[in-house]
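Each ligand, and each atom within it, is numbered from 1 in the order the structure gives.
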Amino acid sequence: MSKGIFVVIEQRSGKVQNVGLELVGESTRLKEDLKDEVVAVLLGHEIEGQVDKLFHYGADKVILVDSPYLKEYVTEPYTKAITAIVNEYDPEIMLFGASSIGRDVAPRVASRVKTGLVADTTGLRMAKTEEEFAKEAAMGCEDPTRALLMTRPAFGGNIMATLMCPRTKPQMATVRPGVMKRIAKDTTRTGELIKFNVDFTDADMNVEILEVVKADKKAVDLTEAKLIVSGGRGIGGAQGFDLIRDVADALGAEVGSSRACVDAGWIEKDRQVGQTGKTVRPDLYMACGISGAIQHVAGMENSELVISINKNDTAPIFEVSDLGIVGDVKVILPKLADAVRKY
Ligand code: FAD
């Protein structure tokens, strides 16, 4: 029987990325139903120092592949190593971040081990009800009690589709960064470290890395932000973002945006929140002049507290808001920035 919920941990420059910790957290929740262990798969070079962190955030075991061939992400060695791990351990479930790395490597691994892949998921759970078991059995699932239900937006975000992989293992998904929650860090947690050897050769390195160019420091990572003030078409133009920035500066927040403003060229694409932008989960999300289209909401609905300002009291954004202010952003935002600064 296939065994374990495996999470491929992403690291950059030797530092474990948040998405891996989020997926380990989610796996500890799946484990309550599947009654199986959470195994983090860490690939890189001289990264053993990161292993304890994975235990602290919920991994029961860590499989470490350490090789100079894995120092930077390169498609072929990473695919080879993960494929070897799947062939050796036969996991029940295998999760990747839906990041540029996860999106590159996961389909290749799925193809080599001849299983399916559900890409860009936003929800995972084990099948639970008799009705679900019956449905899965009818689709040829060997053990419906171990079936993973994977949810993702479909048809331009207009519906949420739930999919399963009934006949092959592992059940594999990429998961959007920022959607799942880490569990609280517990530095007393430990686990088992397994060092896994893969025989790489120069032939595996089918590209040569000449230089690694770090992203411009100014580039934002909204997925990590605790506070976000976002502007939509209702702010009226590129200059409307001065009001948004003013409030964001006063609060120490990042600036976000709806797609309408990105498409209009009012702000850069890396600020876009939503289905085709970033999925965010800040403590506070302020939506200013944003209508609340389903594709926008898909990227921010898991925020802890949502405050919206919109002049239309029937705007759908109010349905996902904890606090709604009906009014003109041009009037409210300057007052808000002043009030925050005085506070
Ligand atoms: P609008 O829908 O035009 O809303 C503007 C709002 O501002 C209105 O509610 C209006 O009442 C209010 N308003 C106007 N003036 C003021 C004022 N002075 N004061 C206060 N309120 C005011 N969208 C995203 O955001 N992110 C995505 O990732 C995304 N992906 C998409 C993917 C697909 C496949 C598709 C088809 C669409 C996607 N969209 C996405 C677009 C989405 O459907 C909406 O078109 C977009 O979110 C609308 O942006 P908006 O709310 O800023 O503009």
Side-chain angles (χ1 to χ4, degrees), residues 19 97-100 103 119-123 151-161 174-179 219-225 228-248 253-282 284-303 306-339:
V19 62
S99 59
S100 47
R103 284 176 173 154
D120 230 12
T121 57
T122 54
T151 302
R152 54 154 295 154
F155 294 108
N158 289 309
I159 62 159
M160 298 303 281
T174 63
V175 184
R176 281 196 144 210
V179 176
V220 277
D221 186 0
L222 285 184
T223 60
E224 305 274 329
I228 298 176
V229 183
S230 267
R233 200 171 356 227
I235 61 163
Q239 72 287 355
F241 273 100
D242 293 343
L243 297 177
I244 299 285
R245 278 185 206 101
D246 200 25
V247 175
E254 280 293 351
V255 171
S257 169
S258 72
R259 178 164 152 181
C261 305
V262 173
D263 289 350
W266 300 350
I267 191 152
E268 313 81 49
K269 165 82 181 151
D270 61 359
R271 303 274 174 185
Q272 183 185 319
V273 172
Q275 187 195 323
T276 43
K278 302 272 168 61
T279 303
V280 298
R281 191 192 262 281
L284 169 67
Y285 187 83
M286 280 192 65
C288 310
I290 294 178
S291 59
I294 185 170
Q295 296 90 353
H296 186 80
V297 170
M300 48 63 73
E301 63 192 337
N302 288 322
S303 306
V306 178
I307 301 178
S308 305
I309 308 171
N310 199 302
K311 68 177 185 186
N312 173 5
D313 66 359
T314 63
I317 193 71
F318 289 136
E319 287 164 28
V320 292
S321 301
D322 299 284
L323 177 68
I325 303 169
V326 180
D328 188 335
V329 283
K330 295 187 194 79
V331 177
I332 294 167
L333 287 176
K335 287 187 180 165
L336 184 61
D338 273 357

Could you tell me whether Arg245 and Asp242 make a salt bridge, using a distance below 4.0 angstrom between a side-chain N and a carboxylate O?
yes

If you take the nearest heavy atom of each of Ala260, Gly289, Pro153, which one is closest to atom 48 (C) of ligand 1?
Ala260

Give a yes/no on ligand 1: does Gly327 have at least one heavy atom closer than 4.0 angstrom to it?
yes

Hey, looking at atom 24 (C) of ligand 1, which of Lys330, Arg259, Lys278, Lys311 has the closest heavy atom?
Arg259

Can you tell me how far the CZ atom of Arg281 sits from the CD atom of Glu301, to the nearest 0.5 Å?
10.0 Å

Note: ligand 1 atoms sitting under 4.0 Å from heavy atoms of Gly232 are 52 (O)

A side-chain contact here means heavy atoms from C-beta on lying under 4.5 Å apart; do Asp246 and Pro334 qualify?
no

Does any part of the side chain of Ile267, heavy atoms only, come nearer than 4.5 Å to the side chain of Gln272, both counted from C-beta?
no

Consider side-chain contact (heavy atoms from CB on, under 4.5 Å). Of Ile244, Ile307, Val306, which one does Met286 pass it with?
Ile307

So, 4.0 Å and heavy atoms of Ile294: is ligand 1 close enough to count as a contact?
no

Any ion pair linking Lys278 and Asp221 (charged N to carboxylate O, less than 4.0 Å)?
no

Less than 4.5 Å apart, side chain to side chain, heavy atoms only: is that true for Glu254 and Arg271?
yes

Contact check: Val273 vs ligand 1, nitrogen or oxygen atoms, below 3.5 angstrom:
yes

Going by the atom numbers of ligand 1, which of them fall below 4.0 Å from some non-hydrogen atom of Gln272?
26 (N), 27 (C), 28 (O), 29 (C)

What are the atoms of ligand 1, with element, lying closer than 4.0 Å to any heavy atom of Ser258?
25 (O), 49 (O), 50 (P), 52 (O)

Under 30°, 30 to 60°, or over 60°: which ring-plane class applies to Tyr285 and His296, parallel, tilted or perpendicular?
tilted

Which of the numbered atoms in ligand 1 are under 4.0 angstrom from any heavy atom belonging to Gly277?
28 (O)

Counting C-beta onward and ignoring hydrogens, is there a side-chain heavy-atom pair between Ile309 and Leu333 closer than 4.5 Å?
yes

Which atoms of ligand 1 have any heavy atom of Asn312 under 4.0 Å away?
11 (O)

In ligand 1, the atoms that come under 4.0 Å of a heavy atom of Ala293 are 42 (C), 43 (O), 44 (C), 47 (O)

What atoms of ligand 1 come closer than 4.0 angstrom to any heavy atom of Asp328?
17 (C), 18 (N), 19 (N)

Against heavy atoms of Gln275, which atoms of ligand 1 measure under 4.0 Å?
27 (C), 28 (O)

